[in-house]
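Heads up, the thing below is written out as structure tokens.
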Amino acid sequence: MRPRAALLALLLVAPALVASPEEPPRRVVLVSFDGAGGLERLRQSAAGTFGPDGFEKAGRIGLAADRLVVVTPSLTAVSHASISTGASPDRTGIVSNWYLPAGRPVGQRVSGFEETPAVETLWEAAARQGKRVAALSWPGVSAAGPRQRTALGFLWVEPRERSFVIRVPGAALTEAAFALPLGVRSFSPPRALPVRSPHEGEAGGALAGLAFAIVDGTDDGQRNYDSLVVLSRDGQLVARARAAEWFALSERRAEDRGDEDVLVGRWCRLVALSPDLSTVSLYVGGLGSTEAWPADFRRTLDREAGFWPGAPDPLLLHESPPDRRGFVEQAARFSRFFVAAFDVADRRGDWDLLLAYQPVLDEAQHVLGPPGAGGEGAGERARLDAAALREVWRVADEAAAGYLRFAPRGDVLVVSDHGMRPIRRVLNVAELFRRNGWLRAGAPAAGRPQVAADSPVDVTASGGAAFVAVNRAGQRPGGVVTDERADALLAEMKGVLRAMTDPEGEPLFEAVLGREEARPLGLDHPNSGDLVLLARDGTGLRASLPASPDAPLLSTSELTAQHGFGPDPELDGLFFHVGAGIAPERVETFPSVGIAGRVAGRLGIQPPGELP
Ligand SMILES: [Zn+2]
């Protein structure tokens with residue numbers, strides 16, 4: 001009877017312990033919709049894209065900003081570091097997604113996702129003050145070190161094996177040399193489809209021992225095929241799909257990379273199957289498994305959310321015609337996985353602050369065109385892309401509704417890290433610097449020239465921003481440039497870069513700034529190096545030396561939209577705060593560096609501060 005007695009005791013004392021719901025401490029869910037532009041959210045809202053329970057509800061019952069003013073450059077790692085700390089990049093030191101930190105030799109790179117900010121994060125401040133934090137793939141909680149861990153969480157993971165597409169001309173398909181299981185009939189001779197990963201060194205996880213066959217399920221006296229069946233080694237039916245249908249292949253491993261009882265799997269889609277077999281296209285998704293802690297959380301995720309399903313795959317858009325529907329369905333599955341993980345964490349309930357993440361708008365916009373495209377006068381492709389993007393906004397809206405279900409029990413803040421801008425071309429700044437003699441190429445690695453250890457200058461780039469570092473003697477190991485020479489070099493680079501135009505005579509850079517000149521942008525930090533370059537409209541930046549010295553400086557962009565340029569309302573994010581005592585209000589802007597302090601206030605703790 002002890003549990004009952006304990007419950008009774010709790011009920012008796014509870015009213016005295018529970019503060020008025022407006023008062024802290026409250027539990028808080030902070031969810032970031034990567035790449036969700038505030039202005040685009042308003043346009044989609046005006047176009048009637050959303051249902052009543054997601055973004056519209058957040059705007060109806062909470063504080064809503066038209067734009068979350070984000071830091072510069074508006075890159076995922078940079079922006080999340082500033083959201084997480086309440087500090088701009090000149091204090092976090094995380095200035096780009098991929099950069100050369102101060103004091104490191106030229107040629108080295110670090111990921112902004114794996115570096116620790118130079119100031120305290122929200123999750124550290126909360127833990128220090130006795131709160132438990134969950135982080136569901138929150139950028140920055142990378143588990144790379146003790147400062148990047150929370151009590152509960154899971155990581156963003158890349159596929160353990162890459163995706164691929166099997167395309168076999170029908171004539172090349174041989175008759176299946178195996179028997180179909182009971183209940184599977186084919187009224188035309190079943191054809192075997194060989195399915196093997198074309199990627200070297202990838203064993204074909206979750207594919208081992210399976211046989212794939214194309215069958216004819218209709219008894220119409222004609223040789224016409226309509227389905228794919230997947231059979232196990234012992235001849236059992238594992239999956240069956242018609243054209244445009246998905247199926248999962250998975251396996252449970254008793255032991256996997258030191259973990260026990262791990263679910264790994266891949267989502268596959270029969271993209272196309274023509275009855276006469278002239279077109280057979282099978283997409284085999286990347287191999288995924290969830291990396292979460294503690295282990296019991298991971299096992300519950302495996303059971304209730306399935307294996308890590310993987311991000312929407314641009315490979316589907318390379319099909320002819322592009323499989324936009326497949327891409328959107330994959331985005332929806334990925335988005336639902338994150339919401340399902342949130343539901344699992346919610347049922348556990350063992351946290352005060354939960355940091356959640358929704359990546360699909362970023363993934364989709366990079367390849368399906370910028371916001372606002374596809375309108376009047378747009379071509380067929382832009383129109384179809386825009387329609388698909390609208391579907392992804394609906395997916396995000398459904399996810400928002402999922403997190404908002406927590407609102408009666410605590411606060412929900414819905415934010416994002418940046419919007420998007422169209423791009424059409426990419427400028428390779430590393431090659432540009434090499435041609436100007438500022439950067440020296442050294443020995444190649446993996447087929448590409450690397451920056452030489454004695455190169456006078458190094459340059460890194462992400463999105464629309466690049467950072468230039470002079471290899472100063474005494475400041476970087478192996479540095480070769482004296483301060484005097486550095487000044488002359490910087491003056492030369494500024495002059496050339498500011499005057500640079502494309503073949504149409506348009507400047508390529510919006511800004512070429514010395515470090516002090518970058519101070520108003522919040523970028524005056526040693527990790528910014530000596531020069532900050534911000535690309536103009538329509539141009540992305542890359543900084544990897546091409547394999548061939550004849551490669552063009554400007555090339556057509558594979559991505560349709562990008563971010564990480566200078567300040568621009570179109571690159572700002574979205575912001576909602578729903579919680580007891582917060583009056584519905586619409587404001588024009590809210591600063592992204594204001595989020596950490598606001599969340600801390602609702603948790604009833606001191607905001608993140610300086611590191612001890
Ligand atoms: Zn992002």
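Computed over heavy atoms, backbone and side chain alike; hydrogens, waters and symmetry mates excluded. For ligands, and for the atoms within them, numbers begin at 1 and follow the listed sequence.
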Under 2.8 Å from the Zn ion (ligand 1), is there any N, O or S atom belonging to [X]?
| X | value |
| --- | --- |
| Asp362 | no |
| Ser79 | no |
| His418 | yes |

Shortest-distance N, O or S atom of Asp417 relative to the Zn ion (ligand 1):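 Going through the N, O and S atoms of Asp417 one by one, OD2 ends up nearest to the Zn ion (ligand 1).
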Salt bridge between Arg325 and Glu319, side-chain N to carboxylate O under 4.0 Å?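 The answer is no: the pair does not qualify as a salt bridge.
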Lys/Arg cation over aromatic Trp393: Arg41, 6.0 Å, 45° cone: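 The answer is no, since Arg41 fails at least one limit relative to Trp393.
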Is the Phe55 ring parallel, tilted or perpendicular to the Phe50 ring (thresholds 30°, 60°)?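 The rings of Phe55 and Phe50 stand perpendicular, inter-plane angle above 60°.
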Tell me which donor-acceptor pairs under 3.5 Å the side chains of residues 136-146 have, and how far apart each pair is, sequence neighbours excluded?
residue : atom : partner : partner atom : Å
Ser137  : OG   : Trp156  : N            : 3.4
Trp138  : NE1  : Ser84   : OG           : 2.9
Ser142  : OG   : Ala144  : N            : 3.2

How open is the angle at the Zn ion (ligand 1) from atom OD1 of Asp34 over to atom OG1 of Thr76, rounded to 10 degrees?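 Once rounded, the angle between the two atoms at the Zn ion (ligand 1) is 140°.
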Can you name the residues that form a salt bridge (Lys or Arg N to Asp or Glu O under 4.0 Å) with Glu158, not counting sequence neighbours?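 Salt bridge (Lys or Arg N to Asp or Glu O under 4.0 Å) list for Glu158, sorted by chain: empty.
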